[in-house]
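One structure is given here, and the rest of the page talks about it.
Here is the naming used below: chain letters follow the sequence lines, and residue numbers restart at 1 for every chain.
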Protein chains: 2
Amino acid sequence: MVNRRRAPRTGTAPPFRSDDGRWQELLDIAARIFARKGYRSTTLQDIADEFGVLKGSLYHYIRSKDELLFEVVRSVYGAGLANLRALAAADLDPVDRLRAVIRGHVLYLTDNLVGTTVLLHEFDQLSDEHRARLPIREYQAVVADLVADAQADPRVKPDLDPRLTALAVLGAANWVYRWYRPDGKRSPDEIGAAYADLLVDGMLIRTGAAVPGEPAER
Amino acid sequence: MVNRRRAPRTGTAPPFRSDDGRWQELLDIAARIFARKGYRSTTLQDIADEFGVLKGSLYHYIRSKDELLFEVVRSVYGAGLANLRALAAADLDPVDRLRAVIRGHVLYLTDNLVGTTVLLHEFDQLSDEHRARLPIREYQAVVADLVADAQADPRVKPDLDPRLTALAVLGAANWVYRWYRPDGKRSPDEIGAAYADLLVDGMLIRTGAAVPGEPAER
DNA sequence: CGAGCCCTACCAAACGATTGTCTGGGCGGG
DNA sequence: CCCGCCCAGACAATCGTTTGGTAGGGCTCG
């Protein structure tokens, strides 16, 4: 009888959109509210209000609230991972590449603060099926490989655990979504550079030489 | 008429407990379920089931679900901050103290995984009033002060931003709750030590000396 | 060119289920 | 007899979701 949304859903494609526009707007609004209040505390009513529509009308665009979260997370997941991989493919010395990756990842985070917040904070609110389609460990793998590559360089500590190091790097960088505000005193560039210096220098061997100009104290 | 919970609530003390025991059990159960499903996705029914009681009966112990979350978070907040401050007060070289703090903080996290998860993940689900009573920035301040102290040592980079560095340290450490599992391959001690070495070494000046035994390549 | 039609985008209203919370009472031990 | 602890049951509110309908723009086709 009713033939709403006739097309049988082309696999993993977004639910529906005659020609995007409004669909992107919906994703943006949902992401913003999810980021502010959390997925579970967000009502379809909240979203519909800002979208300028009755809450029931949202079902013209989505199949469920679950799926709406998935669509939001999916887009950020893909873009973020692509960004990371592009950075990791830069034609640089492995050590400098790590620096660029950290800096670039922080820049991406701050530049996509809303989406990243939803990705990082609401990831485990996804249904098991949805979560399985977004292997978030890929992020870790990319960085771990980079660390392992860098260990070919004799300046790099040979006893680093690439996985553990990658988790530390991603932890420090991802944590930025918890405190960064665009009107803060530090620019994304300063943050990225500081983090890159701190973390990459931490991976390098300390060539044990006395500090010049100061006799040992204490 | 009804005189349930007669005492007018002694300020910040937990809601009620004739003599703890069962109250602690309730906190533990709530923390565990909050950590697993998230605060908003957790039902009082879930908690009551595990507590062996009808959901209405929980109101003998709590005044609201909000407050239950607060009590859970408060206990972890206090204990965690006390732990951090104790570590920071160790009688050590400032640089070694930083190492000890990072290691000790990671150990605390892994040792109180459930509570820490709730604290770090559900903190902004607290009501504004509750949140105001737990100034979480204290954590950051403790570490930032430590970094600033360490900068008296000439081995430490003088241009470090203590606040930014503290945020990186806490980010890396706190992120551990996202991936650590007690049955993983790395022990809390290994993780803490690795993080301390990575982060503290990153704060130290690299005494620019050529790598011994290898001529410059590339 | 105009009549008819379809399809998108939405409305209006209701649904069943769930949730946090409240009321009043009962039981058992000190 | 009192009081801590819990039960039984209900409450209103809210939520995600469903159903059937409709305005209107654009397309087709005579």
Side-chain angles (χ1 to χ4, degrees), chain A residues 1-10 13-27 29-30 33-34 37-72 122 125-127 130, chain B residues 1-10 13-27 29-30 33-34 37-72 122 125-127 130:
Chain A
M1 216 66 63
V2 175
N3 65 343
R4 183 173 15 125
R5 201 182 307 112
R6 184 185 39 205
R9 315 293 320 297
T10 65
F16 194 57
R17 49 194 174 168
S18 63
D19 262 311
D20 92 292
R22 200 104 165 97
W23 166 249
Q24 270 302 325
E25 196 185 340
L26 177 58
L27 279 188
I29 289 174
I33 308 186
F34 286 160
K37 312 177 56 168
Y39 167 71
R40 234 26 175 81
S41 300
T42 298
T43 292
L44 287 184
Q45 187 73 55
D46 295 335
I47 298 174
D49 284 351
E50 197 141 333
F51 196 53
V53 133
L54 295 188
K55 66 171 176 173
S57 305
L58 291 178
Y59 282 78
H60 189 67
Y61 297 89
I62 66 176
R63 281 198 302 186
S64 68
K65 194 190 173 192
D66 264 13
E67 203 206 44
L68 178 56
L69 173 62
F70 175 68
E71 292 298 336
V72 169
E122 310 296 340
Q125 292 290 337
L126 290 170
S127 69
H130 283 150
Chain B
M1 214 65 63
V2 174
N3 67 342
R4 184 173 14 126
R5 203 182 306 114
R6 183 185 41 207
R9 315 293 320 295
T10 65
F16 194 59
R17 53 205 171 158
S18 63
D19 262 313
D20 88 296
R22 199 103 166 98
W23 166 249
Q24 271 301 327
E25 194 185 341
L26 177 58
L27 278 188
I29 289 174
I33 308 186
F34 285 161
K37 311 177 57 167
Y39 167 70
R40 245 5 183 87
S41 299
T42 297
T43 292
L44 287 184
Q45 187 74 56
D46 296 334
I47 298 174
D49 285 351
E50 196 140 334
F51 196 53
V53 132
L54 295 190
K55 65 172 177 172
S57 305
L58 290 178
Y59 282 78
H60 189 69
Y61 298 89
I62 66 175
R63 280 198 303 183
S64 68
K65 193 190 173 191
D66 264 14
E67 204 205 44
L68 179 55
L69 173 63
F70 175 68
E71 292 298 336
V72 169
E122 310 294 341
Q125 292 290 337
L126 290 170
S127 69
H130 283 150

Between CD1 of A:I62 and C1' of C:dA9 the distance, given in whole Å, is 15 Å
Using the test side-chain hydrogen bond (donor to acceptor under 3.5 Å, both in side chains), find all partners of A:E122 that sit at least two apart in sequence or belong to another chain. none
Which value, rounded to the nearest 0.5 Å, describes the distance between B:H130 atom NE2 and B:D66 atom CG? 6.5 Å
Quick one: B:E67 CD to C:dG20 C1', roughly how many Å, whole number? 14 Å
When rounded to the nearest 0.5 angstrom, what distance separates CD in A:Q125 from CG in A:L69? 8.0 Å
Interatomic distance, B:W23 CH2 vs D:dC5 C1' [rounded to whole Å]: 15 Å
Of the listed nucleotides (C:dC10, D:dT17, C:dT21), which one gets closest to any side-chain atom of A:V53? C:dC10
Using heavy atoms and a sub-4.0 Å distance, could you list which residues of residues 41-50 of chain A are near DNA chain C? By number, please. none
Could you walk me through whether A:I62 and A:L26 pass the side chain to side chain contact (heavy atoms under 4.5 Å, CB included) test, one step at a time? CA-CA 10 Å; A:I62 66 176; A:L26 177 58; 4.2 Å; yes
Atom-to-atom span, CZ of B:R40 to P of C:dT19 - whole angstrom: 12 Å
Rounded distance (Å) that lies between atom P of D:dT17 and atom OH of A:Y61: 18 Å
Report yes if a side-chain nitrogen or oxygen of A:R63 is closer than 4.0 Å to either non-bridging phosphate oxygen (OP1 or OP2) of D:dG16; otherwise report no. no
Whole angstroms only, please: what is the NZ-P distance between A:K55 and D:dT17? 10 Å
In whole angstrom, give the distance that lies between atom OH of A:Y59 and atom P of C:dA12. 19 Å
Any side-chain N or O of B:H60 under 4.0 Å from OP1/OP2 of D:dC6? no
What nucleotide, of C:dT21, D:dT17, D:dC6, holds the atom closest to the side chain of B:S64? C:dT21
Hey, is the main chain of B:T42 close enough, under 3.5 Å, to the side chain of B:K65 for a donor-acceptor pair? yes
Do A:H60 and A:S57 pair up side chain to side chain, a donor and an acceptor below 3.5 Å, judged on atom types alone? no
Write down the distance between CG (A:L54) and C1' (C:dA13), rounded to a whole number of angstrom. 10 Å
N/O (side chain, A:S57) to phosphate O (OP1/OP2, C:dA9) under 4.0 Å: no
Does the Lys NZ or Arg CZ of A:R22 fall within the cation-pi geometry relative to A:F51 - under 6.0 Å from the ring centre and within 45° of the axis? yes
